[in-house]
Peer 1: 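Following this message is one structure expressed as structure tokens.
In what follows, every chain begins at residue 1, and chains take the letters A, B, ... in the order their sequences are listed.
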Amino acid sequence: MSLKLYNTRTRQLEEFRPLREGRVDIYVCGLTPSAEAHIGHARSFLFFDVLRRYLRHLGFDARYVQNVTDIDDRSIARARETGEDWYDIVSGYYASFKESMRRLDVEEPDVEPYATKFIVQIVEMIGELLEREIAYVSEDGVYYDVSKFSRYGALAHRKIDELEAGARIEVDEHKDDPLDFALWKFAKPGEPSWESPWGAGRPGWHIECSAMTRTVIGPDTFDMHGGGADLVFPHHENEIAQSEPLMPHPPMANFWVHGGVLLSDGKKMSKSLGNFEPLSELLDRHDPQAVRLLFLQTGYRKVMSMSEESLDAAAVSLERLKAAWRKLHPHSSAGALKRSVLLEQIEAALNNDMNTAGALAELHRFAANVDAIPEDSRSDAFREFSYALEMLGMPPRSSWLEVPKVELAADFLERLQRELSGEISFNGASPHDAIERIIAERNLARMQKDWSRSDRLRDALARCGVTLKDGKDGTTWTVDA
RNA sequence: GGCGACGUAGCCAAGUGGUAAGGCAGAGCUCUGCAAAAGCUCGAUUCCCCAGUUCGAAUCUGGGCGUCGCCUCCA
């Protein structure tokens with residue numbers, strides 16, 4: 001039993017085998033920080049985070065490279081509009097993205113190459129393409145000549161004439177063919193630029209990834225290249241077109257792995273449509289672990305839509321896992337990980353093209369049966385459950401031990417006092433003490449079977465947003481959301 | 001217009017030839033003075049529609065209908 005992954009290159013589910021024993025090199029196209037990151041980006045990087053964690057679990061030494069395209073037309077245009085420095089814009093958005101990734105427990109890439117740090121290698125690569133006459137210098141830049149690469153369109157499973165029939169390709173007088181794309185764009189006055197043999201300018205989109213994979217990972221075929229499904233064409237197709245003619249032994253990457261896009265109101269979330277809320281703000285409103293859980297529930301390749309309701313449902317679902325973990329927690333003790341059906345079933349699910357929804361189902365099945373676990377195997381169960389959660393990127397936190405509480409409103413005491421109309425006074429007491437005081441009074445009333453007083457006290461608290469729960473170990477309270 | 005994906009209970013979603021995982025919501029029960037919380041139990045004779053292949057199909061084939069993506073910057 002081993003990992004099978006869908007390979008966009010061959011359009012098939014294939015058994016994953018690393019090119020070098022025990023080692024996996026993954027390159028994932030990162031962000032172009034010309035706008036605020038959104039939850040669709042999070043879905044993609046969350047998936048690759050789980051893939052990476054799983055590869056490591058399988059015993060591979062996984063090296064994860066995720067680039068930053070820190071130069072592009074949009075950020076330059078934005079700088080012109082706002083008067084800001086273009087790089088301040090880029091680094092601002094990127095910092096915000098990184099912070100969101102941290103909150104989502106997405107692990108840091110092992111290598112994080114910035115496009116602007118690889119200008120030398122980019123220029124060198126363009127030079128090689130020109131030498132081989134696969135590229136040409138035009139009036140406003142250097143272009144890639146698509147007609148020179150016979151496999152062009154292979155990744156996207158598209159033929160050149162089909163692409164040309166597309167109604168939305170703009171004719172550009174600087175290109176020989178509408179499908180040709182820019183490798184280097186000559187700078188207009190005021191635009192950021194770097195020197196090159198053909199004139200000062202900046203790299204086109206696509207070329208940075210070709211240059212960086214070649215430099216950072218190596219000139220030969222590497223194991224996996226990933227990104228969102230919307231990158232298949234033209235971005236990844238163009239990367240292949242740039243890289244493979246210069247390689248002695250193509251293909252550029254063995255596996256091409258693409259994650260499905262996220263829909264918002266039935267339309268793909270995208271920078272140009274602006275149909276999204278910044279990721280950082282969404283994470284203020286929703287538990288990042290619940291966000292991860294929600295994405296784990298859906299196959300990574302499926303087009304998926306998301307709603308506030310689904311996010312809330314995921315939070316409740318996460319609570320179940322937390323509760324199971326909490327029950328096991330007192331039985332923790334150091335020791336080796338002992339495998340049982342839980343891990344076996346999770347592996348079986350993940351081996352099937354990273355079926356995280358199936359893996360999650362196993363976690364829930366386990367959680368539902370936690371009470372039945374015999375005392376002497378609880379420590380093992382605890383370690384295995386924790387390990388599985390961690391493997392999916394949902395590391396148990398110390399906060400899981402606490403029942404969730406929300407802050408009391410600022411005027412809580414005043415409202416409470418009013419609700420009780422002087423029945424009990426607690427001048428100077430903290431809100432917490434006041435609640436405890438009422439609970440004590442109520443329990444006294446309950447002992448005396450004074451139900452009307454008991455209920456009156458409970459209702460007063462309820463109107464102030466505090467719910468009481470009578471457990472067998474006494475009364476606890478929670479603050480309503 | 002071309003290429004592709006998807007359509008499973010109220011909602012989200014797994015399952016890719018052997019008789020429908022899981023989550024949310026809902027219902028019932030237990031517990032409780034009553035609640036809340038918690039625990040237990042239950043849910044599609046059926047997988048968009050229509051034909052076909054097969055002993056057997058949600059799963060394969062053909063045809064419809066619908067939704068979405070890509071063909072343009074995008075994870």
Peer 1: Would you indicate what A:D455 reaches in the nucleic acid, counting non-hydrogen atoms under 4.0 angstrom: base, sugar-phosphate, or nothing?
Peer 2: base

Peer 1: Rounded to whole angstrom, note down the C1' distance from B:A9 over to B:C42.
Peer 2: 13 Å

Peer 1: Could you work out the separation of B:G4 and B:A27 based on their C1' atoms and round it to a whole Å?
Peer 2: 42 Å

Peer 1: With a 4.0 Å cut-off on heavy atoms, is A:K449 in touch with a base, just the backbone sugar-phosphate, or nothing at all?
Peer 2: nothing

Peer 1: Mark this stacking check for A:W451 against B:G33 as yes or no, applying ring centres under 5.5 Å and ring planes under 30°.
Peer 2: yes

Peer 1: Contact class for A:K159 vs. all strands (heavy atom < 4.0 Å): base, sugar-phosphate, or nothing?
Peer 2: nothing

Peer 1: Measure from the side-chain heavy atoms of A:V316 and tell me the nearest of B:G33, B:A75, B:C24.
Peer 2: B:C24

Peer 1: Base, sugar-phosphate or nothing for A:L273? Non-hydrogen atoms, less than 4.0 Å.
Peer 2: nothing

Peer 1: Confirm from the modelled atom types if A:D470 and B:A35 form a donor-acceptor pair under 3.5 Å, side chain to base only.
Peer 2: yes

Peer 1: Among A:Q289, A:H329, A:E319, find the residue that satisfies the side chain to side chain donor-acceptor pair (under 3.5 Å) test when tested with A:W400.
Peer 2: A:Q289

Peer 1: Write down the distance separating the C1' atoms in B:C6 and B:U16, rounded off to the nearest Å.
Peer 2: 14 Å

Peer 1: In this structure, how many angstroms lie between the C1' atom of B:A13 and the CG atom of A:L293, rounded?
Peer 2: 12 Å

Peer 1: Would you call the rings of A:H41 and A:F45 parallel, tilted or perpendicular, where under 30° means parallel and over 60° means perpendicular?
Peer 2: parallel

Peer 1: For A:K185, is there an ion pair with A:E191 - N to carboxylate O distance below 4.0 angstrom?
Peer 2: no

Peer 1: For A:D459 and B:A36, what is the distance between atoms CG and P respectively, to the nearest whole Å?
Peer 2: 13 Å

Peer 1: Does a nitrogen or oxygen in the side chain of A:N352 sit under 4.0 Å from OP1 or OP2 of B:G15?
Peer 2: yes

Peer 1: Look at all strands and tell whether A:G40 reaches a base, only sugar-phosphate, or nothing, counting heavy atoms closer than 4.0 Å.
Peer 2: base

Peer 1: Reckon A:K268 has a side-chain N or O less than 4.0 Å from the OP1 or OP2 of B:A75?
Peer 2: no

Peer 1: Could you check which nucleotide pairs with B:C40 in any of the strands shown, counting Watson-Crick or G-U wobble with both distances under 3.5 Å?
Peer 2: B:G28

Peer 1: Contact class for A:R365 vs. all strands (heavy atom < 4.0 Å): base, sugar-phosphate, or nothing?
Peer 2: sugar-phosphate

Peer 1: B:A44 and B:A38: how far apart are their P atoms, nearest whole angstrom?
Peer 2: 25 Å

Peer 1: Rounding to the closest angstrom, what is the interatomic distance between B:A57 and B:G10 at atom P?
Peer 2: 24 Å

Peer 1: For A:M269 and A:V261: C-alpha separation, side-chain torsions, deciding distance, then whether side-chain contact (heavy atoms from CB on, under 4.5 Å) applies.
Peer 2: CA-CA 8 Å; A:M269 271 187 202; A:V261 297; over 6 Å; no

Peer 1: Using only modelled atom types and a 3.5 angstrom limit, is any donor from either the side chain of A:S454 or the base of B:G33 paired with an acceptor on the other?
Peer 2: yes

Peer 1: Quick one: which of B:A75, B:C34, B:C24 gets closest to the side chain of A:V261?
Peer 2: B:A75

Peer 1: For A:H235, which contact category applies under a 4.0 Å heavy-atom criterion: base, sugar-phosphate, or nothing?
Peer 2: nothing

Peer 1: So if I take every side-chain heavy atom of A:R458 and compare against B:A21, B:A35, B:C71, which nucleotide ends up nearest?
Peer 2: B:A35

Peer 1: Respond yes when some side-chain nitrogen or oxygen of A:K302 is under 4.0 Å from OP1 or OP2 of B:C68, and no when none is.
Peer 2: no

Peer 1: Answer yes when A:D105 and A:R397 have at least one side-chain N-carboxylate O distance shorter than 4.0 Å, and no when they do not.
Peer 2: yes

Peer 1: Give one of base, sugar-phosphate or nothing for A:T298, where a contact means two heavy atoms less than 4.0 Å apart.
Peer 2: sugar-phosphate

Peer 1: Which base sits across from B:U46 as a Watson-Crick or G-U pair, both distances under 3.5 Å?
Peer 2: none

Peer 1: Can you tell me the distance, in whole Å, between the CG atom of A:N67 and the C1' atom of B:A75?
Peer 2: 11 Å

Peer 1: Of the nucleotides B:C3, B:A75, B:G33, which one has an atom closest to the side chain of A:E162?
Peer 2: B:C3

Peer 1: Given that both distances must come in under 3.5 Å, which nucleotide forms a Watson-Crick or G-U wobble pair with B:C68?
Peer 2: B:G4

Peer 1: For A:Y94 and A:Y114, take the angle between the two ring planes, folded into 0 to 90°, and tell me which bin it lands in: parallel under 30, tilted 30 to 60, perpendicular over 60.
Peer 2: perpendicular

Peer 1: Side chain of A:R11 only, heavy atoms from C-beta on: which candidate in B:A14, B:G4, B:C73 is closest?
Peer 2: B:G4

Peer 1: Base, sugar-phosphate, or nothing for A:S317, non-hydrogen atoms under 4.0 angstrom?
Peer 2: sugar-phosphate

Peer 1: Side-chain N or O of A:H364 less than 4.0 angstrom from OP1 or OP2 on B:G22?
Peer 2: no

Peer 1: What's A:G226 touching, base or sugar-phosphate or nothing? Going by heavy atoms closer than 4.0 Å.
Peer 2: nothing

Peer 1: If I take atom CD in residue A:E319 and atom P in nucleotide B:G22, what distance separates them, rounded to the nearest angstrom?
Peer 2: 21 Å

Peer 1: Under a 4.0 Å threshold between the charged nitrogen and the carboxylate oxygen, would A:R78 count as salt-bridged to A:E81?
Peer 2: no

Peer 1: If we take the C1' atom in both B:G28 and B:G62, what is their distance in whole Å?
Peer 2: 47 Å

Peer 1: Select base, sugar-phosphate, or nothing to describe what A:A361 touches, counting heavy atoms under 4.0 Å on all strands.
Peer 2: base

Peer 1: Expressed in angstrom and rounded to an integer, what is the separation of A:R301 atom CZ from B:G69 atom P?
Peer 2: 18 Å

Peer 1: To the nearest angstrom, how far is A:M269 atom CE from B:C73 atom P?
Peer 2: 21 Å

Peer 1: Can you check whether A:Y64 reaches A:D49 side chain to side chain, under 4.5 Å on heavy atoms?
Peer 2: no

Peer 1: Assuming nearest nucleotide by heavy-atom distance, tell me which of A:K267 and A:H41 is located more 5' along RNA chain B.
Peer 2: A:K267

Peer 1: Specify the separation, in whole Å, of atom CZ of A:F295 and atom P of B:A13.
Peer 2: 12 Å

Peer 1: Is the ring pair A:F385/A:F366 parallel, tilted or perpendicular, if the boundaries are 30 and 60 degrees?
Peer 2: parallel

Peer 1: Give a yes or no on whether a donor-acceptor pair under 3.5 Å exists between the nucleobase atoms of B:C73, that is its base, and the side chain of A:R74.
Peer 2: yes

Peer 1: Base of B:C24, side chain of A:R320 - is there a donor-acceptor contact under 3.5 Å?
Peer 2: no

Peer 1: Partner of B:U59 by Watson-Crick or G-U wobble geometry, both contacts under 3.5 Å, or none?
Peer 2: none

Peer 1: How many Å lie between CD on A:Q297 and C1' on B:A14, as a whole number?
Peer 2: 11 Å

Peer 1: At under 4.0 Å between heavy atoms, what does A:A368 touch on the DNA or RNA strands: base, sugar-phosphate, or nothing?
Peer 2: sugar-phosphate

Peer 1: Over 60° means perpendicular and under 30° means parallel, so classify the ring planes of A:H225 and A:F222, tilted if in between.
Peer 2: tilted

Peer 1: Heavy atoms only, 4.0 Å cut-off, all strands: where does A:D230 land among base, sugar-phosphate and nothing?
Peer 2: base

Peer 1: Side chain of A:T467 only, heavy atoms from C-beta on: which candidate in B:A36, B:A75, B:C71 is closest?
Peer 2: B:A36

Peer 1: Considering heavy-atom distances to RNA chain B, does A:L294 or A:R442 have its closest nucleotide positioned more toward the 5' end?
Peer 2: A:L294

Peer 1: Contact class for A:L468 vs. all strands (heavy atom < 4.0 Å): base, sugar-phosphate, or nothing?
Peer 2: base

Peer 1: Using the C1' atom in both, what is the distance from B:U46 to B:U59, to the nearest Å?
Peer 2: 13 Å

Peer 1: Using the P atom on both, measure B:A75 against B:G64 and round to a whole Å.
Peer 2: 37 Å

Peer 1: From the set B:G39, B:C24, B:C71, return the single nucleotide nearest to any side-chain atom of A:K327.
Peer 2: B:G39

